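Quick notes on the structure that follows.
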Amino acid sequence: GTKWTYAGPEGQDHWDENYPYCGGAFQSPININSELMRFDPTLRPINVRNYNLSPNEQLTFGNNGHSVQLSLPSKMYISGLPHYYSAAQLHFHWGSSSKPMGSEHLVNNKQYAAEMHIVHYNSDKYPNISMAVDKSDGLAVLGVLIEVGEFNPAFEQFLKFLNGIKYRDQKVQVPGFNIRSLLPTQLNEYYRYDGSLTTPPCYPSVLWTVFRNPVTLSHEQYMALATTLFSSHAQDSVSVMLNSNYRKPQPMDSRIVLVSFKE
Ligand SMILES: NS(=O)(=O)c1cc(-c2ccccc2)cc(-c2ccccc2)c1
Ligand SMILES: [Zn+2]
């Protein structure tokens, strides 16, 4: 597709000029506001399956110019949702060194330092993610809010490779590890709503699950994520830093947020 950025002439306020869904309904992210929450006792804990990957498995960790993403094998899946959803990839959104606030979802107007998304597709109905990405019941994304605090050894298992993917389209292979260790302890406490991809083409195809409890990165880990990467290619004459890669909160329209916990 055409180029898009988070700021400037191809920035998020212009995405709808080339990607009409970005100006449509059911967009993500949102500000998850207490007034719009409704407790739903039917919301089951999220079950993650085959997330404990062997170190013999190699995962591709790459800089796609808009984020860093880790490819995930489709044998990983989640249940406890209306369908089984198989994993495809995980990636991040973050702020900058001067502004350590770059999460996409806000909770009662609080923006966190960063956010991790684990993208899954409805493998009951679609053979692969490309067939699922633009279907209303196609995707399920797990959102994990990230705040600066304790050092996180789980994240270190791939953050230590960041220097190998400083520039756009660079990739490295990283040994598999337990992806469950990236998630918060309680997978039974989360926010649920119908939304979209938070990047172009913004298809309204995502069943969002944002966990209530954040995980932490140390200040050094956060700064590594926020200051190492470029959105430009290694050979480009002009280097462009990759940071503040988050979309602003979108209109709720008639949506409410279902909540799996009482208080
Ligand atoms: N933020 S997100 O979860 O809505 C998201 C999902 C997918 C996605 C990926 C595969 C299949 C289907 C959807 C890709 C991105 C993305 C992030 C940075 C750069 C380009 C694309 C972002
Ligand atoms: Zn994302």
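The shown structure was predicted, so the numbers you read here are calculated from the model rather than taken from an experiment. As the structure lists them, so they are numbered: ligands from 1, and atoms in each ligand from 1.
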Electrostatic pair Lys75:Glu57 at N-O distance under 4.0 angstrom:
yes

Taking the side chain from Arg192 and the backbone from Trp208, do they hold a donor-acceptor pair closer than 3.5 Å?
yes

Nearest non-hydrogen protein atom to atom 4 (O) of ligand 1, with distance, is Thr198 N, 2.9 Å

Give the name of the N/O/S atom in His117 that lies closest to the Zn ion (ligand 2).
ND1

Among protein heavy atoms, which lies nearest atom 12 (C) of ligand 1, and at what distance?
Val133 CG2, 3.4 Å

Looking only at protein heavy atoms, identify the closest one to atom 6 (C) of ligand 1 and say how far it is in Å.
Leu197 CD2, 3.7 Å

For ligand 1, which atoms have a heavy atom of His66 less than 4.0 angstrom away?
18 (C), 19 (C)

Give the residue, atom name and distance (to 0.1 Å) of the protein heavy atom nearest atom 16 (C) of ligand 1.
Thr199 OG1, 3.6 Å

Nearest heavy atom to atom 5 (C) of ligand 1: which of His91, His120, His117 does it belong to?
His91

Which one of Leu242, Asn245, Asn163 satisfies the side chain to side chain contact (heavy atoms under 4.5 Å, CB included) criterion with Leu229?
Leu242

According to the interplanar angle, ranging from 0 to 90°, do the rings of His91 and His93 count as parallel (below 30°), tilted (30 to 60°) or perpendicular (above 60°)?
perpendicular

Using a 4.0 Å heavy-atom cut-off, which part of Gln69 comes near ligand 1: side chain, backbone, both, or neither?
neither

To the nearest 0.5 angstrom, please state how far the OH atom of Tyr222 sits from the CH2 atom of Trp94.
9.5 Å

Between Ile129 and ligand 1, which residue portion shows a heavy-atom distance shorter than 4.0 Å: side chain, backbone, both, or neither?
side chain

What is the ring orientation for His66 with Tyr6, classed by angle as parallel under 30°, tilted 30 to 60°, or perpendicular over 60°?
perpendicular

Tell me if a side-chain donor or acceptor on Lys135 pairs with a main-chain N or O of Met131 at a distance below 3.5 Å.
yes

Check each atom of ligand 1 against the heavy atoms of Asn64 and keep those under 4.0 Å away; list them by number with element.
18 (C), 19 (C)

Ring centroid separation for Phe261 and Tyr191, is it under 6.0 angstrom?
yes

What atoms of ligand 1 come within less than 4.0 Å of a heavy atom belonging to His93?
1 (N)

Heavy-atom nearest option to atom 8 (C) of ligand 1, drawn from Val119, Val206, Asn245, Asn63
Val119

Please report which non-hydrogen protein atom sits nearest to atom 14 (C) of ligand 1, along with the residue it belongs to and the distance in Å to one decimal place.
Gln89 NE2, 4.0 Å

Would you check if the distance from the ring center of His105 to the ring center of Tyr193 is below 6.0 Å?
yes

